[in-house]
Amino acid sequence: MDDDRVIMARARMHLVPAVLALASPPWQRDVWLDPEVFEDLEYVIHTLFDDFCDAEHPERYLGIGLRSEEEVVLLRELDRALTVAEDQAPGGFDAEMLRVEGWSEVVSVAGRLAQVMVANDLGELLALQEARGGAEA
């Protein structure tokens, strides 16, 4: 059981910040458009689709990097929104992506997903703390 929690925590350490980045236009402008900074949209997409999840088939990551069916549904919705935005930005450059009409839907869905992921993580922390407190009593 503890190994599963560690695997989940390690995946979440990458997934949650990637989703938060997609939900934050100020972050996107300040970080992704700065050539001096390592993170860009490609890095975030790579995290969500290749390294720690598969946003096209998120159900496979339920219990590994995703905590709930709601996260699975929202990640699938985020994949669709990203696909629409990518189709509107044939050059695929970050600055171009941030300007397309479909980008607002990416930000909106990512914001909803970020809220759910953070709430689920806080719920898990509370459960762990309560279990620890119950064991000490």
Side-chain angles (χ1 to χ4, degrees):
M1 182 72 165
D2 287 335
D3 288 342
D4 291 342
R5 285 185 173 158
V6 170
I7 290 167
M8 175 74 74
R10 285 189 177 142
R12 303 286 284 200
M13 289 290 297
H14 297 277
L15 291 173
V16 173
V19 172
L20 286 168
L22 286 171
S24 177
W27 175 269
Q28 296 159 10
R29 287 187 302 274
D30 292 347
V31 175
W32 295 352
L33 302 181
D34 183 346
E36 301 291 319
V37 179
F38 172 74
E39 182 184 311
D40 58 8
L41 178 57
E42 182 179 341
Y43 174 80
V44 170
I45 298 289
H46 194 64
T47 298
L48 293 175
F49 285 84
D50 302 319
D51 291 342
F52 297 96
C53 199
D54 178 357
E56 291 180 282
H57 306 285
E59 61 281 351
R60 291 189 275 176
Y61 287 84
L62 185 59
I64 299 170
L66 302 174
R67 291 192 188 282
S68 69
E69 186 63 37
E70 185 177 15
E71 290 181 5
V72 169
V73 168
L74 286 168
L75 192 55
R76 191 176 295 115
E77 191 176 329
L78 181 59
D79 172 52
R80 285 191 298 268
L82 281 164
T83 299
V84 169
E86 288 170 348
D87 289 346
Q88 295 172 351
F93 299 108
D94 290 4
E96 181 184 12
M97 288 287 289
L98 300 182
R99 289 190 307 266
V100 300
E101 183 180 328
W103 192 253
S104 63
E105 182 66 11
V106 171
V107 171
S108 177
V109 175
R112 291 194 312 271
L113 177 56
Q115 286 182 318
V116 169
M117 293 180 90
V118 170
N120 287 344
D121 285 351
L122 291 173
E124 177 67 14
L125 284 172
L126 180 60
L128 289 171
Q129 185 62 33
E130 288 174 345
R132 175 186 274 169
E136 292 175 1

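Quick caveat: nothing in here was measured; it's all calculated off a predicted structure.
Remark: of the listed residues E71, E59, E56, H57, E59 is the sole one forming a side chain to side chain donor-acceptor pair (under 3.5 Å) with R76. With L22 as the fixed residue, the side chain to side chain contact (heavy atoms under 4.5 Å, CB included) test singles out one of V109, V107, L113, L41: L41.
Rounding to the nearest 0.5 angstrom, the gap separating the CG atom in D34 from the CG atom in D30 is 8.5 Å. From L75, atom CG reaches atom OH of Y61 across 11.0 Å, with rounding to the nearest 0.5 Å. For the atom pair L78 CG and S108 OG, the distance stands at 10.5 Å (nearest 0.5 Å). Rounding to the nearest 0.5 Å places CG of N120 at 6.0 Å from CZ of R12. A distance of 10.5 Å separates CG in L15 from CZ in R67, rounded to the nearest 0.5 Å. Here Q115 contributes atom CD and L20 contributes atom CG; the two are 10.0 Å apart, rounded to the nearest 0.5 Å.
Nearest heavy atom pair, residue Q28 against residue A23, reads NE2-N, 4.1 Å. The heavy-atom pair separating A55 from D79 by the smallest distance is O-CB, 3.5 Å. Nearest heavy-atom pair across A11 and F52 is CA-CD2, 4.0 Å. Taking every heavy atom of both residues into account, V44 and E39 meet most closely at CG2-OE2, 3.7 Å. Between P58 and V72, the shortest heavy-atom distance links the atoms CG-O, 3.5 Å. Shown here for A110 and V19, the closest heavy-atom pair between the two residues is O-CG1, 3.4 Å.
Ring geometry for Y43 against F38 counts as perpendicular: the plane angle is over 60°, on a 0 to 90° scale with 30° as the lower cut.
Using a 4.5 Å cut-off on side-chain heavy atoms (C-beta onward), E70 and R112 make no contact. T83 places a side-chain heavy atom less than 4.5 Å from the side chain of D87.
Judged by distance alone, with hydrogens and angles left aside, the side-chain atoms of E96 form a donor-acceptor pair with the main-chain N or O of G92 at under 3.5 Å.
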**Request:** Mind running salt bridge (charged side-chain N to carboxylate O under 4.0 Å, His left out) on E124 and R5 for me, showing each step along the way?
**Result:** CA-CA 10 Å; E124 177 67 14; R5 285 185 173 158; 3.2 Å; yes
**Asked** Yes or no on side-chain contact (heavy atoms from CB on, under 4.5 Å) for D54 and R60, after CA distance, side-chain angles and deciding distance?
**Response** CA-CA 8 Å; D54 178 357; R60 291 189 275 176; 2.6 Å; yes
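By the rule that hydrophobic residues join a cluster once side-chain heavy atoms approach within less than 4.5 Å of another member, F93 and V37 end up as members of separate clusters. M13 and V16 are members of different hydrophobic clusters when ILVMFWY side chains are connected at heavy-atom separations under 4.5 Å. Neither L66 nor V6 shares a network with the other; the hydrophobic side chains, linked directly or stepwise wherever heavy atoms of I, L, V, M, F, W or Y lie under 4.5 Å apart, form separate groups for each. Linking Ile, Leu, Val, Met, Phe, Trp and Tyr residues whenever their side-chain heavy atoms come within less than 4.5 Å leaves L128 and M117 in two separate clusters. L82 and V73 end up in different hydrophobic clusters when Ile, Leu, Val, Met, Phe, Trp and Tyr side chains are linked at under 4.5 Å.
Around CD of Q88, the count of heavy atoms belonging to other residues, nucleotides or ligands within 6.0 Å exceeds 12.
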